Structure formats: structure tokens, C-alpha cells
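Written out below as C-alpha cells is the structure these notes cover.
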Amino acid sequence: VQLQASGGGLVQAGDSLRLSCVASGRTFGTYMMGWFRQAPGKEREFVSAIRWTDYSTYYADSVKGRFTISRDNAKNTVYLQMDSLKPEDTALYYCAAGGSSRYSFPWDYRDWGQGTQVTVSS
């Protein structure tokens, strides 16, 4: 599966952004789509995931209530709506595709996009 993430940018605290991740290629067998982020000097961390079969969604505590993950089957696209952004949300955001029900660790996913930068100023 090839993944193309987009939608990042520079915003102020309290603003919103919507990230998109378009999947192409052999998407059959994809069970989970996720978003991770990595700030400079920090490990890649789980943000959110959505199960391809029943739309179940999962969130990190740090973004719960502010971020919303969704998908559009017709467009093979997963979205991450990010509201009430904070400076600590600044990171490179990656989308990923996996074939199992596990979702919270990078090794749960087999395919990764190139990342899109989100910068939130205070």
C-alpha cells in the first residue's frame, strides 16, 4: 500500500487543521489505518487509528476530544481533523496502514506515508 499524507501547515494555538492520507495500490487486506507523530528528539507516538471493517476509532489520551479520525471509502482516504491545536501538537505526522487489530505501536503497521509537518505557534 502506498500512502500519501497532506494537509499540514503552520497555525496558531487554538486553530484547526485537517490532515488527509490517500491510500493506493494493494489496499486489500488493510485492517487498520493510523496516524502517528514524531517531534524532534522524541519517539514516534500513536495519535489515532480507525478500523477499516467497522469504523471503530481509537485515540491517544493527549488528543481525545480534540482530534477526530474518519475515512472515505470511495476515495480510499483517511482524515484527521485536528481542533483546538496546542504547541505541543507540533510534530511530523505520519499515516500508516496495518493488517492486524493492534494499533498503538509503530510495529503494528506495515506501510507508512512520508509525513506532513504540523507546527503550532503559541
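In this text, all values refer to a predicted model and were calculated from it rather than measured experimentally.
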CG/Asn76 to SG/Cys21 distance, rounded to the nearest 0.5 angstrom? 10.0 Å
Separation between CD1 (Ile69) and SG (Cys95), nearest 0.5 Å, reads 9.5 Å
Between Thr77 and Asp72, is there a side-chain donor-acceptor contact under 3.5 Å, judged purely by atom types and distance? no
May I ask you to decide if the ring planes of Tyr109 and Phe36 are parallel, tilted or perpendicular, using 30° and 60° as cut-offs? perpendicular
Using the ring centroid of each side chain, check whether Phe46 and Phe105 are separated by less than 6.0 Å. no
Arg102 to Trp107, cation-pi by 6.0 Å centre distance and 45° axis angle: no
In terms of the angle between their ring planes, are Tyr93 and Phe67 parallel, tilted or perpendicular, with boundaries placed at 30° and 60°? tilted
If I take atom CZ from residue Arg18 and atom OG from residue Ser70, how far apart are they, to the nearest 0.5 angstrom? 7.0 Å
Measure from NZ or CZ of Arg44 to the centre of the six-membered ring of Tyr94, then state whether that distance is under 6.0 Å and the direction lies within 45° of the axis. yes
Test of understanding: with side-chain hydrogen bond (donor to acceptor under 3.5 Å, both in side chains), list the residues that count as partners of Asp89, not counting sequence neighbours. Arg37, Arg66
So, Asn73 versus Tyr55: side-chain donor-acceptor pair below 3.5 Å or not? yes
State the NZ-OG1 distance between Lys64 and Thr57, to the nearest 0.5 angstrom. 9.5 Å
Under the 3.5 angstrom rule, does the side chain of Ser48 hit a backbone N or O of Tyr58 as a donor-acceptor pair? yes
Pro87 versus Ala13, closest heavy-atom pair with distance: CD-CB, 4.1 Å
